[in-house]
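Below: the structure, in structure tokens.
In this chain, residues are counted from 1 in sequence order. Below, each value reflects all heavy atoms present in this structure, side chains not excepted, and no hydrogens, waters or symmetry copies.
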Amino acid sequence: MQAQEQAILNGFYKNAAVGLDATCSILQKVRDPQLRTELQDQMQYYRRQKQSVRKQMFEQCAIPQEQGALAQFCANLSIQMHCFGGASTSEIAKLMLKGTNEGVIQLTQLLHQSENLPDSLKWQGKGIIRHEEQYMKRLRAFL
């Protein structure tokens, strides 16, 4: 596997891992049943995405880079601070929108910086971005 392809797959993996961790962390704060269902569905998507990318990498004798413990701790701490004392449905949706948008930006930059990628990885990345954009559209209903 070329280094560039591995970097792209690691980016896909990181997006799913960070999204999964953040969603798991905030889910306990959610009171709105519809938002809870939306977040649970997205959590399942992130789990499937992680498994799929991990399998792709293993088939190419590569190992995905896990998010560092400090980065994960800081992200969870940030969520807890934003929700300290309770958070409304709108505040939770806004927080998830911000995080998801950051992920879309990072994935878009990663794809634009990568030259000569196989079409399959380009389409995979664009598919992830489209899914995240649809998720953000659904979250806007909770603002």
Side-chain angles (χ1 to χ4, degrees), residues 1-83 87-143:
M1 172 181 291
Q2 293 180 358
Q4 185 178 35
E5 292 175 20
Q6 187 170 347
I8 289 289
L9 288 172
N10 269 319
F12 297 168
Y13 187 84
K14 177 185 173 194
N15 181 74
V18 170
L20 179 60
D21 289 343
T23 306
C24 286
S25 183
I26 205 157
L27 198 57
Q28 62 189 340
K29 310 280 186 196
V30 178
R31 301 289 175 247
D32 182 285
Q34 290 177 320
L35 179 57
R36 176 175 285 283
T37 298
E38 182 63 49
L39 295 178
Q40 288 171 331
D41 290 347
Q42 187 67 10
M43 242 175 43
Q44 291 305 317
Y45 168 79
Y46 288 137
R47 281 193 179 111
R48 287 189 309 271
Q49 189 67 24
K50 275 183 71 173
Q51 290 170 350
S52 174
V53 173
R54 181 182 293 125
K55 183 179 179 211
Q56 275 180 277
M57 293 184 79
F58 283 166
E59 288 172 355
Q60 299 295 321
C61 299
I63 299 172
Q65 292 177 341
E66 295 293 336
Q67 183 183 14
L70 183 58
Q72 189 174 7
F73 173 78
C74 290
N76 288 335
L77 182 61
S78 175
I79 290 170
Q80 297 307 318
M81 286 176 50
H82 278 90
C83 296
S88 70
T89 296
S90 177
E91 291 167 328
I92 290 170
K94 183 178 177 181
L95 189 60
M96 296 309 289
L97 272 165
K98 285 182 180 180
T100 304
N101 191 56
E102 183 62 32
V104 167
I105 290 168
Q106 289 174 356
L107 287 174
T108 302
Q109 287 176 327
L110 187 62
L111 288 173
H112 286 169
Q113 294 167 354
S114 302
E115 299 176 11
N116 303 319
L117 268 183
D119 286 342
S120 61
L121 285 180
K122 287 179 190 176
W123 289 115
Q124 184 178 355
K126 289 176 182 180
I128 294 168
I129 290 169
R130 276 192 307 275
H131 179 89
E132 295 288 81
E133 288 171 341
Q134 290 300 312
Y135 172 57
M136 288 190 298
K137 186 183 276 187
R138 292 189 306 274
L139 283 175
R140 287 185 192 110
F142 296 100
L143 294 177

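Interatomic distance, R138 CZ to L39 CG, rounded to the nearest 0.5 Å: 10.5 Å. Expressed to the nearest 0.5 Å, how far CD1 of I92 lies from CG of D32 amounts to 9.0 Å. Q40 contributes atom CD, which lies 10.0 Å from atom CG of L35 (distance to the nearest 0.5 angstrom). Within the model, atoms CD of Q124 and CG of L117 stand 10.5 Å from one another, a figure rounded to the nearest 0.5 Å. Interatomic distance, K126 NZ to L111 CG, rounded to the nearest 0.5 Å: 7.5 Å. To the nearest 0.5 angstrom, K55 atom NZ is 13.5 Å from L9 atom CG.
Ring geometry for Y135 versus Y46: interplanar angle over 60°, hence perpendicular rather than tilted (30 to 60°).
Around CD of Q65, the count of heavy atoms belonging to other residues, nucleotides or ligands within 6.0 Å does not exceed 12.
A 4.5 Å side-chain heavy-atom check between K14 and E66 finds every atom pair outside the cut-off. At least one side-chain heavy atom of Q56 sits under 4.5 Å from a side-chain heavy atom of V53. Taking 4.5 Å as the limit, every side-chain heavy atom of I128 sits out of range of all side-chain heavy atoms of W123. At a threshold of 4.5 Å between non-hydrogen side-chain atoms, the residues M57 and I63 do not count as touching. Put simply, the side chain of L139 does not reach to within 4.5 Å of the side chain of K94, judged on heavy atoms. V104 has its side chain out of reach of N15: every pair of non-hydrogen atoms, C-beta onward, lies at least 4.5 Å apart.
The two residues G125 and F12 come nearest to each other via the heavy atoms CA-CZ, 3.4 Å. When every heavy atom of K50 is checked against every heavy atom of A17, the shortest pair comes out as CD-CA, 3.8 Å. Nearest heavy-atom pair, A22 versus M96, reported as atom, atom and distance to 0.1 Å: C-CE, 4.4 Å.
Remark: side-chain polar atoms of T37 are paired, donor with acceptor, to backbone N or O of P33 under 3.5 angstrom. Between the side chain of R54 and the backbone N or O of P64, no donor-acceptor pair lies under 3.5 Å. Distance alone, capped at 3.5 Å, is enough to place a donor-acceptor pair between the S114 side chain and the L110 backbone. Using a distance-only test at 3.5 Å, with no hydrogens or angles considered, a donor-acceptor pair links the side chain of E91 to the main chain of S88.
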For this session: Show your reasoning for whether side chain to side chain contact (heavy atoms under 4.5 Å, CB included) applies to T89 and L143.
Result: CA-CA 7 Å; T89 296; L143 294 177; over 6 Å; no
Problem set entry | Evaluation steps, side chain to side chain donor-acceptor pair (under 3.5 Å), between E132 and Q42 | CA-CA 9 Å; E132 295 288 81; Q42 187 67 10; 2.7 Å; yes
For this session: Report the C-alpha distance between Q49 and Y13 in whole Å, list the side-chain angles of each, state the deciding distance to 0.1 Å, and finish with yes or no for side chain to side chain contact (heavy atoms under 4.5 Å, CB included).
Result: CA-CA 7 Å; Q49 189 67 24; Y13 187 84; over 6 Å; no
Exercise. Stepwise, does the side chain to side chain contact (heavy atoms under 4.5 Å, CB included) test hold for N101 with L97?
Worked result: CA-CA 6 Å; N101 191 56; L97 272 165; over 6 Å; no
Problem set entry | Verdict with reasoning, E133 to K137, per side chain to side chain contact (heavy atoms under 4.5 Å, CB included) | CA-CA 6 Å; E133 288 171 341; K137 186 183 276 187; over 6 Å; no
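There is no side-chain donor-acceptor pair under 3.5 Å between Q2 and Q60.
Applying the side-chain hydrogen bond (donor to acceptor under 3.5 Å, both in side chains) test to E102 and every residue at least two apart in sequence or in another chain returns Q106.
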